[in-house]
Amino acid sequence: MGATGAAEPLQSVLWVKQQRCAVSLEPARALLRWWRSPGPGAGAPGADACSVPVSEIIAVEETDVHGKHQGSGKWQKMEKPYAFTVHCVKRARRHRWKWAQVTFWCPEEQLCHLWLQTLREMLEKLTSRPKHLLVFINPFGGKGQGKRIYERKVAPLFTLASITTDIIVTEHANQAKETLYEINIDKYDGIVCVGGDGSTDCVCYSTVGTSDAETSALHIVVGDSLAMDVSSVHHNSTLLRYSVSLLGYGFYGDIIKDSEKKRWLGLARYDFSGLKTFLSHHCYEGTVSFLPAQHTVGSPRDRKPCRAGCFVCRQSKQQLEEEQKKALYGLEAAEDVEEWQVVCGKFLAINATNMSCACRRSPRGLSPAAHLGDGSSDLILIRKCSRFNFLRFLIRHTNQQDQFDFTFVEVYRVKKFQFTSKHMEDEDSDLKEGGKKRFGHICSSHPSCCCTVSNSSWNCDGEVLHSPAIEVRVHCQLVRLFARGIEENPKPDSHS
């Protein structure tokens, strides 16, 4: 048994599942490990050794052994066994996390208390973990099971981790937003929302890899934190909304607008409205202007998805900060100043994604290489085309093929963009004249192949925006989410 010094490892021979095991706690690596050791001494860890980072231990409890069946054989040697249970994260398939418990049996009470004390002291040093949370529950979320899901899967984990909560069950639209305006949020370490994100749970899929409630709760408990970009949406210098996932005009805007009229259908309304919108095959004429995100180190078609500890996000943020400092002090040379680019024509869809927007039906998402914190949005323009070609484009969202590999699809990585519908340009003569001077020579025309309609709506994270003219700005890593990003090829844990 090692000494109790902060930097010295603690090692003992304990029992796990009626097997004699060597157990070590290494403060320098913040790692708890154990492995079978049937012979005398601790022995060396083999391929079957188990380990848990201290950062992924939820809590440590003294186990009540009174009244428990101690088994037979080797257990009979312990006249008065003592035990402690480690509650921790266990990785399962498809990026899911599970709550696991491992009980360690000790031959001496003093040894048991030493392990409890040492582990608890290490957990107390994890200052990033939340202690007090504000929880909003949408009772209609999760197919009407939002409150039940929270009570069964989330609340027990919060209680185990000694997290206190103030819970508000929302009764009407925008209640959560109104509440945040009225209360002092400084007393909370975070805000938890139960009931979906409005947009096929793509925020969970893009930041964690699954929409499993237990997985998200465990990321909250261990204090994972991920910086995310946020886009602000404006009209005539007035802020309309913020967006963290998808801004969609045309196809996705029409779907969300039509589905709002069919809420009585439940989730089936999205399939119905999607089919109706596809068959309608409307396209919309307008002008898109954008400022390329030259600070980013990636591109929309580089097949490098955003993952935990993402280098692209980290490096892009550094280069953006350097770029902003140069602009602030007037050090940017004239030839280095970025210029707006312009595309005009008729579009079936205009999509801007701050993340991959992956979901159950589209595992790679609308833009598989979009990054969560690189200060940019992937602007996807789908020009008018035949219904058959548009179907080919949509199908590619469900497989591994490049959905941007079509002549009628363009994708750009941007930090700002504007859109004005042709209908608005015709109504506003000043804007129309300005458009002629600025955009006239680089607009292109394509043969007509679908019905042109005056205006669509915007799908802003599952909410409808009716403004046909908007300006969008991406704010680099503006908010933090209880997540760590999707882990690269995680292996299921062996401990249980």
Side-chain angles (χ1 to χ4, degrees), residues 231-241 243 246-258 260 273 276-292 339-353 366 377-387 389-390 393-394 404 406-412 414 416-460 463-473:
S231 291
S232 57
V233 186
H234 308 258
H235 173 67
N236 289 340
S237 300
T238 300
L239 175 65
L240 301 179
R241 291 190 74 93
S243 170
L246 171 69
L247 268 172
Y249 187 83
F251 182 70
Y252 289 105
D254 291 350
I255 288 176
I256 200 68
K257 182 180 179 181
D258 186 74
E260 286 296 300
S273 296
K276 176 183 175 182
T277 302
F278 172 76
L279 294 175
S280 300
H281 202 55
H282 290 154
C283 63
Y284 302 90
E285 189 169 4
T287 300
V288 181
S289 55
F290 59 88
L291 190 61
E339 294 184 357
W340 286 75
Q341 296 184 23
V342 180
V343 180
C344 37
K346 297 178 180 179
F347 305 95
L348 282 167
I350 298 170
N351 300 326
T353 66
L366 300 184
S377 178
D378 283 357
L379 180 62
I380 307 164
L381 309 179
I382 300 95
R383 290 185 180 271
K384 60 183 181 181
C385 62
S386 68
R387 189 179 282 108
N389 275 337
F390 188 54
F393 166 75
L394 293 176
F404 304 135
F406 292 100
T407 57
F408 54 88
V409 178
E410 303 167 32
V411 59
Y412 306 93
V414 306
K416 290 183 181 180
F417 78 90
Q418 300 172 352
F419 172 77
T420 305
S421 71
K422 182 65 163 56
H423 182 70
M424 283 288 292
E425 290 178 340
D426 291 342
E427 284 188 348
D428 191 332
S429 60
D430 292 336
L431 181 59
K432 184 178 180 182
E433 290 301 316
K436 283 182 178 179
K437 293 176 184 177
R438 185 177 179 185
F439 311 140
H441 295 293
I442 53 178
C443 292
S444 57
S445 178
H446 292 255
S448 177
C449 58
C450 57
C451 177
T452 303
V453 183
S454 58
N455 289 320
S456 177
S457 299
W458 287 93
N459 179 338
C460 181
E463 300 292 334
V464 181
L465 281 182
H466 296 289
S467 177
I470 64 169
E471 177 185 347
V472 179
R473 309 167 198 162

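Values below: all heavy atoms of this structure, side chains included; hydrogens, waters and symmetry mates excluded.
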Output the distance between atom [atom1] ([X]) and atom [atom2] ([Y]), rounded to the nearest 0.5 Å.
X      : Y      : atom1 : atom2 : value
Trp340 : Phe417 : CH2   : CZ    : 9.5 Å
Phe419 : Cys344 : CZ    : SG    : 10.5 Å
Ile380 : Ile350 : CD1   : CD1   : 11.5 Å
Arg387 : Leu348 : CZ    : CG    : 9.5 Å
Asp258 : Lys276 : CG    : NZ    : 4.0 Å
Ser232 : Arg473 : OG    : CZ    : 5.5 Å

*Donor-acceptor contact present, side-chain Ser289 to main-chain Gln341, <3.5 Å*: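 Checked: no pair found.
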_Under 3.5 Å: donor-acceptor pair, side chain of His235, backbone of Ala469_ =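 Side chain of His235 to backbone of Ala469, a donor-acceptor pair under 3.5 Å: yes, one is there.
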_Passing candidate, ring pair (Phe, Tyr, Trp, His ring centres under 6.0 Å) with Phe251, options Phe390, Phe278, Tyr284_ =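 That would be Phe390.
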*Starting from the C-alpha separation in whole Å, work towards a yes-or-no answer on side-chain contact (heavy atoms from CB on, under 4.5 Å) for Phe408 and Asn389.*
CA-CA 9 Å; Phe408 54 88; Asn389 275 337; 3.6 Å; yes
*Who passes salt bridge (charged side-chain N to carboxylate O under 4.0 Å, His left out) against Asp378, sequence neighbours left out?*
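Asp378 satisfies salt bridge (charged side-chain N to carboxylate O under 4.0 Å, His left out) with Arg413 once adjacent residues are dropped.
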*Listed by chain and number, what are the side-chain hydrogen bond (donor to acceptor under 3.5 Å, both in side chains) partners of Ser243, not counting sequence neighbours?*
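Partners of Ser243 under the side-chain hydrogen bond (donor to acceptor under 3.5 Å, both in side chains) test: Asp461.
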*Can Glu410 and Arg383 be counted as an ion pair, charged N to O under 4.0 angstrom?*
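Looking at Arg383 together with Glu410, the answer is yes, because their closest N to O distance falls below 4.0 Å.
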*Could you give me the CA-CA distance, side-chain angles and deciding distance for Val233 and Leu247, then say whether side-chain contact (heavy atoms from CB on, under 4.5 Å) is met?*
CA-CA 9 Å; Val233 186; Leu247 268 172; 3.7 Å; yes
